[in-house]
Amino acid sequence: MKILIINAGSSSLKYQFMESEGGEVFAKGLCERIGIDGRLTHKVPGREDVKSDIPMPTHSEAIQAVLDIMVDPVKGVIKSTDEIAAVGHRVLHGGMAFTESCIIDDKCIEAIKKCIPLGPLHNPANLMGIEACQKIMPKTPQVAVFDTAFHMTMPAKAYIYAIPYEYYEKDDVRRYGFHGTSHRYVSARAIDMLGNPAHSKVICCHLGNGSSLSAVVDGKCVDTTMGLGPLAGFPMGTRSGDVDATILEYLMGRYGYDIKEMLNILNKKSGVLGISGVSSDFRDLDEAAQKGNERAALALEKFIYEVKKFIGAYANAMGGVDAIVFTAGIGENSIDLRRRICEGMEYMGVKMDAEKNNTRGKEVDVSADGSKVKIFVIPTNEELMIAMDTAALCK
Ligand code: AMP
C-alpha cells in the first residue's frame, strides 16, 4: 500500500511517500518556515533535489504544496492524489489513552487533544498536520502512530515515580518514554537477527540528537530512560537527562530564573553541548576532543559512562541480556562511541569485534565470535513502522 507519512512540527513538516510492503521510498521532503514564509525541499531517489519558496501561512498550505509537487508531471511521482492509499501521522504523546496506533476519527482527535498538557510543544503541531490533511484529503484514511505507545507495556514498578500516588491517579504523572516507534522497529529486527527465539532480552540504544535506551523482554518494553517528557534519561545533544531537582531550586534562587527559563536551559543548553561548550553534534565533539579540548572529551566520557550505567541497570533488571542494539545517528555511525560503550563489559559476556564494528549505517552483527551477548548495529526506520501500522489499520 502506498502511504504518505507526515511528521508535523510547529513550523516544519517532514513527509515521506513510501510502499508499506518492502519500504521503497518514492519521495520525501521537508516544509520549513511554516507561518513565516515557506520553503519546500523535495527529494526523489535518483533525481536532483527540488527547492522552492512557496507561501505557507499554515500547515494546510504546506500539505497542499506537498500534494502539488507529488502530482507535478515533471517533479512528481504520482498521477493523482488518489494513489495515496492512506496517511500515517507521527504523534509524540499518546498519554495513557494510546497503547497502539489508531485510525484517526473524532474520538482519537479528542484523546490527542487531552494529551496536549503532557506534550505541549509537539501534540498541537501534530494536530495541525492531521487537521490540514483532513481538510485537504477528506476521503483518505488517516492513522496516528504514537512515540509513547511501545512503552505502555512497562510494569508499574518501572513507570511509577516515587512521588505522592495521587499525581499518578489524578494527573497521569508517570514514565511514558519516547522514540517508541524506533525501539519497536529495532527490537523486532534484533529478535529476528537472534533467530526468533521463544524468549529474548534486548537492550536498544537509540543514540541520536535525542537519546534513549529501552529494555525489551520477549518483544515487549519493560523499561525506558525517558520519562513524562523527553528530557529524562542520560545526557543528550542539548538535553540534560536526569538531574537532581535540587539544582533547579538552587539555580532559580541564585539567578532569578523562572521555571520556563530553567527548563529552556535543561532542554536547549545542557547535555553534551552544556558540558563541552563546543557543540551538540558528536562529530564536532570528536574533532575537538582529538585536538585536546578537555571539556569536549569530558562530555563524551560522561555520555558513554551514563549509557554504560543504563545498560548495566537494564541487564540486571531483566536478569540478563541476549542483544544490545545501537541505532540512530550516533548509534549507527559512531564506530568509536560504540567501541567505548562496549569496552569493559566483557565480564557480562559482551565482546565486540573491532573489524566488524568498522561499519556505518548498515544492519550488522558486530559481536565477536563466541560473544555471549550479541551486539547489533541496526539502522532505525520509524517511517516504515508508521507505514506498516497505517497499512494494517486501513486494509
Ligand atoms: P539523529 O538525531 O538520529 O539524526 O542523530 C543525529 C546525531 O548523530 C548528530 O547530532 C551527530 O551527533 C550524530 N552523528 C551522525 N553521524 C555521526 C558520525 N559519523 N560520528 C558521530 N556522530 C554522528
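Ligands are counted one by one from 1 in listed order, and the atoms in each one are counted from 1 as well. Along the sequence shown, the residues carry numbers beginning at 1.
Scored by the side chain to side chain donor-acceptor pair (under 3.5 Å) test, Asn209 finds no partners at all (sequence neighbours excluded). Partners of Asn264 according to the side chain to side chain donor-acceptor pair (under 3.5 Å) rule, which considers only residues two or more places apart in sequence or in another chain, do not exist here. Contacts of Lys302 classified as side chain to side chain donor-acceptor pair (under 3.5 Å), with partners at least two apart in sequence or in another chain: Glu306.
Taking the six-membered ring for Trp and thresholds of 30 and 60 degrees, His179 and His183 have ring planes inclined between 30 and 60 degrees apart. Relative orientation of the Tyr15 and His42 rings is parallel, given thresholds of 30° and 60° on the angle between their planes.
Outside the 6.0 Å centre-distance limit, the rings of Phe178 and His151 are not counted as a close aromatic pair.
A heavy-atom cutoff of 4.0 Å around ligand 1 is satisfied by the protein residues Gly208, Asn209, Asp281, Phe282, Arg283, Ala328, Gly329, Ile330, Asn333, Ser334, Arg360.
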